[in-house]
Amino acid sequence: MANTHNVSEFIFVGLSPNQGVQRVCFVVFLLLYTAVVLGNFLIVLTVMSSRSLGSPMYFFLSYLSFVEICYSSTTVPKLISDLLAERKAISLWGCMTQLFFIHFFGGTEIFLLTVMAYDHYVAICKPLNYTTIMNRQVCAVLVGTAWVGGFVHSISQVLLIFHLPFCGPNVIDHYFCDVLPLLKLACSDTFLIGLLIVANGGTLSVISFVVLLASYGVILLHLRIRSSKGRRKALSTCGSHVTVVILFFGPCVFIYLRPSATLTVDKMVAVFYTVVTPLLNPVIYSLRNAEVKKAMKRLWIRTMKVDEK
């Protein structure tokens, strides 16, 4: 492997060569990342400390929020530090590590969103058997499967990229290490590897998205026999999840399911799914869910009482 990896580090082009724009972006992304961490951590803390949020839906939501923190932390801290650096470098092993965790947490999130859709299906279509079907053991197995699925997806992506020869160019036209920018730097024909990467990443996104759409199609058909009040409650619960699914899968499909090309818009799309989507998730789930808002209010009251003592 030593004779094929003559490159020991990669240089990021970043978001913009303009120093003034970089300083503005530093402030903006620092604030956004802080909001991502605090917002998702608040959901995790609220679910863990509230007895009223003990259902599987909130169990999965807490894991989703935790994954969002990890996913955003894989790229954004490096982006923030690079915005103030003249030379935006990352080692070969650092690049492979970043690539692994991006796809690990991203793949885990895809599986978690699919699991949450299944949970909604059982809750709405099989309400009498919900507690039996979605017991603690089943929930733990589903979450574990999501983590394993994310790992398998990620390790296959990294192995495909790592076996490519990097022998000359080392400038990545992006702000983090991802499969498509790295393919452009390889000193060999990457057509077959590119197809395998699309088959692994893009197809995973599309199949999961189709499964999600199908599950919600079944849910909508089932809601026709419900009362208007029951339909509103179910649609409100599902609406938050559908919104998050669209926000996450839309950019992923755009990036990974099209011919390889250098597009400036790719960076903006990447900013959306690494920063904006993790920020919107806690907002969507907290503002559209009365139980979460009540639990957060009770947590705030308890915290204030402790501070007074």
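Residue indices begin at 1 and follow the sequence shown.
- Proximity of a side-chain donor or acceptor of Ser81 to a complementary backbone N or O of Lys78 within less than 3.5 Å is detected.
- Asn40 places no side-chain N or O within 3.5 Å of a backbone atom of Glu68 that could act as its donor or acceptor partner.
- Side-chain contact between Asn281 and Glu109 is present, with heavy atoms from C-beta onward closer than 4.5 Å.
- By the 4.5 Å heavy-atom criterion applied to side chains, Glu291 and Tyr58 are counted as neighbours.
- For Phe162 and Trp93, the distance between ring centers is under 6.0 angstrom.
- The closest side-chain heavy-atom distance from Val271 to Leu15 is below 4.5 Å.
- Remark: the backbone N or O of Leu212 is paired with a side-chain donor or acceptor of Ser215 at under 3.5 angstrom.
- Counting only N and O atoms by type, the side chains of Tyr175 and Thr274 include a donor and acceptor under 3.5 Å apart.
- In this structure, Leu92 and Val7 approach most closely via the heavy-atom pair CD2-O, 3.8 Å.
- For the pair Val141 and Thr145, the minimum side-chain heavy-atom distance is below 4.5 Å.
- Counting heavy atoms from C-beta on, the side chains of Ile161 and Met96 come closer than 4.5 Å.
- His163 places a side-chain N or O within donor-acceptor distance of the main-chain N or O of Leu159, the cut-off being under 3.5 Å.
- When all heavy atoms of Lys126 and Tyr121 are compared, the pair lying nearest together is CE-OH, 3.6 Å.
- When all heavy atoms of Pro181 and His174 are compared, the pair lying nearest together is CG-CD2, 3.6 Å.
- Side-chain polar atoms of Ser73 and Tyr33 form a donor-acceptor pair below 3.5 angstrom.
- Partner of Asn135 under the side-chain contact (heavy atoms from CB on, under 4.5 Å) criterion, chosen from Val138, Ile133, Thr132: Val138.
- No donor-acceptor distance shorter than 3.5 angstrom exists from the side chain of Ser50 to the backbone of Val47, with no hydrogens or angles considered.
- Taking every heavy atom of both residues into account, Phe41 and Ile69 meet most closely at N-CD1, 3.6 Å.
- The pair Lys267-Asp173 counts as a salt bridge, with a side-chain nitrogen and a carboxylate oxygen less than 4.0 angstrom apart.
- A heavy-atom distance below 4.5 Å is not found between the side chains of Phe176 and Leu79.
- Gln98 and Ile90 get closest at one heavy-atom pair: OE1-CD1, 4.1 Å.
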task: Determine, step by step, whether Leu99 and Leu182 satisfy the side chain to side chain contact (heavy atoms under 4.5 Å, CB included) criterion, reporting the C-alpha distance in whole Å, the side-chain angles of both residues, the deciding distance to 0.1 Å, and the verdict.
output: CA-CA 10 Å; Leu99 178 66; Leu182 286 171; 4.2 Å; yes
Test side chain to side chain contact (heavy atoms under 4.5 Å, CB included) applied to Arg23 and Leu83, step by step: CA-CA 7 Å; Arg23 285 192 287 270; Leu83 287 169; over 6 Å; no
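- Without hydrogens or angle criteria, Ser154 side chain to Phe151 main chain gives no donor-acceptor distance under 3.5 Å.
- Judged by distance alone, the side chain of Thr277 and the main-chain N or O of Phe272 form a donor-acceptor pair under 3.5 Å.
- Ring geometry for Trp147 versus Tyr63: interplanar angle over 60°, hence perpendicular rather than tilted (30 to 60°).
- Looking only at atom types and distance, the side chain of Thr46 has no donor-acceptor partner in the side chain of Arg298 under 3.5 Å away.
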query: Yes or no on side chain to side chain contact (heavy atoms under 4.5 Å, CB included) for Phe10 and Leu185, after CA distance, side-chain angles and deciding distance?
result: CA-CA 10 Å; Phe10 295 100; Leu185 302 183; 3.8 Å; yes
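- Between Pro56 and Asp119, the closest heavy-atom pair is CB-OD1, 3.5 Å.
- Annotation: side chain of Lys294 is not in contact with side chain of Val292 (no heavy-atom distance under 4.5 Å).
- When side chains are defined from C-beta on, Val115 does not count as touching Val143, because their heavy atoms never get closer than 4.5 Å.
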